[in-house]
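Note that the coordinates shown come from a computational prediction; the quantities given were computed from them, not determined experimentally. Because only heavy atoms are used, hydrogens play no part in the values below, and waters and symmetry mates are left out as well, while side chains stay in.
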Amino acid sequence: AEPASSNSGLSAFEGELIHPNPTEGVFFVSDLTERDQVRIFDGTGRMVHETDGTNGKTKVDLTFLEKGIYLVTVRDENKRLKVNQKVVLK
């Protein structure tokens with residue numbers, strides 16, 4: 001049986017890579033390497049922030065953005081998608 005907190009087919013582990021979520025603007029993406037690329041997109045698909053990963057936990061500061069829902073993507077050095085998850089700025 002699926003847990004009630006199931007997040008649109010994502011594994012529980014992947015669902016917890018971004019925390020806290022919702023966020024006041026600063027959040028962390030876990031389980032990255034320094035070769036990973038973190039990109040943030042707004043609701044129109046425009047990239048609004050980009051940063052390189054750090055080994056372990058990567059801090060992302062979006063306090064300069066308006067409140068809303070953003071898409072966080074992480075791709076590895078081979079451009080493979082590792083994370084594709086929404087984050088809510090409240």
Side-chain angles (χ1 to χ4, degrees):
E2 286 284 317
S5 63
S6 179
N7 185 359
S8 66
L10 296 177
S11 69
F13 177 72
E14 184 175 348
E16 296 168 7
L17 289 178
I18 295 175
H19 53 89
N21 188 11
T23 176
E24 301 280 335
V26 176
F27 62 92
F28 296 89
V29 185
S30 299
D31 206 33
L32 300 186
T33 73
E34 59 196 18
R35 296 196 271 314
D36 291 338
Q37 190 168 49
V38 181
R39 290 181 171 169
I40 314 299
F41 298 89
D42 67 12
T44 68
R46 181 175 58 101
M47 187 171 62
V48 294
H49 186 67
E50 182 175 26
T51 187
D52 292 328
T54 54
N55 285 327
K57 199 187 294 189
T58 301
K59 180 180 178 179
V60 180
D61 184 346
L62 300 182
T63 53
F64 64 95
L65 292 174
E66 294 181 25
K67 294 176 176 145
I69 299 173
Y70 294 87
L71 179 66
V72 179
T73 66
V74 178
R75 291 187 181 271
D76 66 16
E77 61 188 309
N78 298 314
K79 306 296 183 204
R80 281 191 301 252
L81 191 63
K82 291 176 68 171
V83 177
N84 187 41
Q85 188 176 337
K86 290 178 182 169
V87 66
V88 177
L89 264 63
K90 57 178 186 163

If you group Ile, Leu, Val, Met, Phe, Trp and Tyr whenever their side-chain heavy atoms sit less than 4.5 Å apart, what else falls in with Val88?
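When side chains under 4.5 Å apart are linked, the cluster holding Val88 also contains Ile69.
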What residues join Leu71 in its hydrophobic cluster, counting side-chain heavy atom gaps under 4.5 Å, either direct or through other members?
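When side chains under 4.5 Å apart are linked, the cluster holding Leu71 also contains Phe41, Met47.
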Side chain to side chain contact (heavy atoms under 4.5 Å, CB included), that's the test. Do Glu66 and Leu89 meet it? Break it down for me.
CA-CA 8 Å; Glu66 294 181 25; Leu89 264 63; over 6 Å; no
Output all residues satisfying side chain to side chain donor-acceptor pair (under 3.5 Å) with Ser30, sequence neighbours left out; order by chain, then residue number.
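Ser30 satisfies side chain to side chain donor-acceptor pair (under 3.5 Å) with His19 once adjacent residues are dropped.
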Under the side chain to side chain donor-acceptor pair (under 3.5 Å) test, residues paired with Thr54 that sit two or more places apart:
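Only Thr58 meet the side chain to side chain donor-acceptor pair (under 3.5 Å) criterion with Thr54.
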Enumerate the ring-ring contact (aromatic ring centres under 6.0 Å, His included) contacts for [range], please, sequence neighbours excluded, ordered by first and then second residue.
{"range": "residues 71-90", "answer": "none"}
{"range": "residues 69-90", "answer": "none"}
{"range": "residues 71-90", "answer": "none"}

Just grab all the salt bridge (Lys or Arg N to Asp or Glu O under 4.0 Å) pairs involving residues 46-57, residues at least two apart or on different chains.
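Found Arg39-Glu50, Asp42-Arg46.
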For Lys79 versus Arg75, what's the shortest heavy-atom pair and its separation?
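Looking at all heavy atoms of both residues, the closest pair is O-NH1, 2.9 Å.
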Do Val29 and Leu65 belong together in a cluster built from hydrophobic side chains that touch within less than 4.5 Å?
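Val29 and Leu65: one cluster.
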Same cluster (ILVMFWY, side-chain, under 4.5 Å), Ile40 and Phe28:
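Ile40 and Phe28: separate clusters.
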By salt bridge (charged side-chain N to carboxylate O under 4.0 Å, His left out) - contacts of [X] (at least two apart):
{"X": "Lys90", "value": "Glu24"}
{"X": "Asp76", "value": "Arg80"}
{"X": "Glu77", "value": "Arg35"}

Any side-chain heavy atom of Leu17 within less than 4.5 Å of one from Lys82?
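A side-chain contact is absent here, since even the closest heavy-atom pair is not under 4.5 Å.
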As an exercise, state the distance from CG of Asp36 to CG of Asn55, rounded to the nearest 0.5 Å.
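It is 8.5 Å, given to the nearest 0.5 Å.
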I'd like to check the ring pair (Phe, Tyr, Trp, His ring centres under 6.0 Å) partners of His49; sequence neighbours left out, ordered by chain and number.
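By the ring pair (Phe, Tyr, Trp, His ring centres under 6.0 Å) rule, His49 matches Phe64.
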